[in-house]
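Here is the structure we will look at.
No experiment lies behind these values; they were computed from the predicted model shown. Residues take their numbers from the sequence shown, with the count starting at 1. For the numbers below, each heavy atom of this structure counts, side chains included, while hydrogens, waters and symmetry mates do not.
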Amino acid sequence: MADAALDSKKLLELEEKFDPEMRFRPVVPPALQIVKWLLITLSCFHYYTAGFGLLRETTHRGVHMAFVLSLIFLVFAGTKKHADYAPRNTWLSPGGVPLADWLLGLCCAASVLYIPWVFDDLAFRIGNPDTSDVVMGTILFVTLLEATRRSMGWPLPLIAIGFTVYALLGPYFPGLLQHAGASWGQMISHQYLTSQGIYGVAVGVVATYVFHFVLFGVMATRIGLGQLFLDIASSVAGRYAGGPAKVSVFGSAMFGMLSGSSVANAVTVGSLTIPAMIRVGYRREFAAAVEAASSTGGQITPPVLGAAAFLMVEFLNVPYQTIVAAAVIPAFMHFFGVFMQVHFEAKRFGLRGLTEEEMPKLKQSLRQRWPTLIPLVLLIAILVSGRTPYLAAFSGISSCAIVGLTTLTSGNKPKNWALMIALHLILAVIAFADLGQQSEWIKLGLFAAAVAIALAGWLLAGITGRIPHSVLVEAFETGAKYALAVGAAAATVGIVIGVVTLTGVGFKISYIITTWATTIANGIAFVLPASLADIKGLTLFAALVMTGVVCILMGCGIPTTANYIIMVTVAAPTLVQLGVQPLVAHFFVFYYGVLADITPPVALAAYAAAGMAGSDPFKTGNMAFRLGLAKVLVPFVFVFSPSLLLVAKGFTGYDFSVTFIGCILGIVVLAAALSKFFLVEMKRWEQVLCLAAALLLIAPGLVVTIIGAVMTVPVLLRQLAAWKLAHAPRPAPA
């Protein structure tokens, strides 16, 4: 158990090293204890409300933001230089945190909680704010930007400031961008007192969905579910050519079901797979790139997905099950694309798989860790039943605690099953009977009974369970830490959304994009044969390219969630206006936002993997982008053939079959061309022909798929002949 705790500590240190959102400054008592218990309290607040009823919307969001933003001032230093100082407990710096930061945290919390405090009079203040409203709103505005800068750098605050300047100086902008402008009081009233600004949908989703699933992922990892997934991946794929890289793909896909963070996925899985890949002969850049490309799939892998998926639920007003179903095939395509390039690379260089001694014993791992599957199964069952995602997360977190504290491992088999089953029955009654919607006394009674039984079972066991209680406490602390940066980002993006709704600039941007796309489409149509000059399709294609490029550029400075919200606000309406279904448009923006994690110059997942592999970060990012090309192409496919998303309107089995088979063949051909290998080493003409054929195969439509398949025939014939020649029996020497 100590080793498990030590491993968790090492992984946390790696995440802090490579993820700027996890670089906390060191503190000493009393700040150490204060920060720890504030983080745990924040997790307990979200855990309780998820299972036994949310507070009034404004109050719930206010409590969440008060904790998150004030904690940022305590755990993130104002400058990198101050973060490197050895902490000292002095009168001017209690616990190693300067007095100014304590004051900023308190001011920020007070300004956030002011809205729930005056909620009864809020309707009379909107549009006509008091002086106190403007003062408190200004305090929150300034401290929020500073909190975001500390937790994730300058890009997102600068974007928010740019939009704010636009709102204030509207009359001075040229042409179509000109508007009447707003005073500071009007702007603060809209951003601070309404639900269309800082207190908007983004903060609401983080406070009611994202936080809970982040905590579930941390808990599931701590009890050993992530290790079980890696053991299964090693057993399934480890023995084949280039085994460690294939383990990386499978392991990242399964671990992605728990963690929506690309960097956390890369660090956790990569700490095991990257050294193994290097050991069997993969180049360091390629080994790191495989892990980085695979890890970005964590944000698009059901059932947890990334934070943006929960935002999609709110923006589109669809059940979470719809988002999960739509994500299945595109996620499979991404991992399949990485897997095929890994396979061809291994064949090209003759790389071996893992030996029996290097692979874990799957039967032994299953005997020891099968109870860790229960939380994930329970979570999926509750999601499928149609209940709220946060209730599913509550049940998953509770199940993780039950499994971790009550199941004992003696030898190779878990014990104490009866207690675990009894607690899960109570949990199932709470979840499936919707008892969290009953009176406060019933909620408190059930909660107290569950806690009492868990404590009794733990004490009666006489020895520590699968994890010691200290690891459970640490998981609640770490889960809250993960939520700090994304919480600040969500609130800051609310400023951008507030400006868009205040000024109407979203419609103007849509008009500009549509105009440019039409101009480009007319230019392309001028040089094409009349039969191919489809202005509507070319206009949509041009708009998609522009949107994708902007998503990638925006992602170089801001996290996926913030990128998605901004692009959904200003770009997705354009795609909808051009005839794209809202679900499809949101998925397009979502996927291209995720690409930023493997797109230089700011590719966090690639840099984290490069740090563990000792490779060049920029080369690793370029290689990871190449490996993730399926994720680049597939969004274009499901825009023109929405059936690939399964639940999009107009789904037909025929369209799905043609598109799915074409994508599979196209990804295989594309992987071969990029790897310069199919059955034998490829010649240059074969690569060029395969690249062209792959694009036609991936493009939706039976005719273009057949044309692409026919184009690959010369390559297949030449490859087969060369392979037979290479493997023909040689005559024995005379």
Query raised in the report: Applying salt bridge (Lys or Arg N to Asp or Glu O under 4.0 Å), which residue pairs with at least one partner in residues 101-116 are found, sequence neighbours left out?
Result: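 Sorted result for residues 101-116: Arg25-Asp101, Asp101-Arg150.
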
**Asked** Would a 4.5 Å heavy-atom cut-off, applied to side chains only, mark Tyr114 and Asp133 as touching?
**Response**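 The answer is yes; the side chains approach within 4.5 Å.
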
Open item on the list: Just so I know, are the side chains of Leu54 and Tyr390 near enough to count as touching, which here means a heavy-atom distance under 4.5 Å?
Closed with: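 A side-chain contact under 4.5 Å exists here.
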
Please check this pair: side chain of [X] against backbone of [Y], looking for a donor-acceptor N/O pair closer than 3.5 Å.
X      : Y      : result
Glu285 : Thr620 : no
Ser111 : Cys108 : yes
His60  : Ala207 : yes
His212 : His46  : yes
Tyr166 : Phe173 : no
Ser43  : Ile40  : no
Tyr199 : Val112 : yes

What distance do [X] atom [atom1] and [Y] atom [atom2] have between them, rounded to the nearest 0.5 Å?
X      : Y      : atom1 : atom2 : answer
Tyr320 : Ile323 : OH    : CD1   : 9.0 Å
Thr208 : Phe310 : OG1   : CZ    : 9.5 Å
Ile300 : His334 : CD1   : NE2   : 5.0 Å
Arg125 : Thr194 : CZ    : OG1   : 14.5 Å

### Query
Which residue pairs pass the side chain to side chain donor-acceptor pair (under 3.5 Å) test when at least one of the two sits in residues 504-515, sequence neighbours left out?
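The answer is Ser510-Thr574.
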
Just jot down the ring pair (Phe, Tyr, Trp, His ring centres under 6.0 Å) partners of [X], sequence neighbours excluded, or say none.
X      : result
Phe588 : Tyr592, Phe636
Phe625 : none
Phe163 : none

Option from Ile159, Ile566, Val203 for which side-chain contact (heavy atoms from CB on, under 4.5 Å) with Val493 holds:
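Result for side-chain contact (heavy atoms from CB on, under 4.5 Å) with Val493: Ile566.
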
(Q) Can you confirm whether more than 12 heavy atoms, excluding those of Phe507, are under 6.0 Å from its CZ atom? (A)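 Not more than 12 within 6.0 Å, no.
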
Item checked: All salt bridge (Lys or Arg N to Asp or Glu O under 4.0 Å) counterparts of Glu57, not counting sequence neighbours ->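 If we apply the salt bridge (Lys or Arg N to Asp or Glu O under 4.0 Å) test to Glu57, skipping adjacent residues, the hits are Arg61.
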
*Name the orientation class of the two ring planes belonging to Tyr591 and Phe587 (parallel below 30°, tilted from 30 to 60°, perpendicular beyond 60°).*
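Taking Phe587 first and then Tyr591, their aromatic rings sit tilted (interplane angle of 30° to 60°).
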
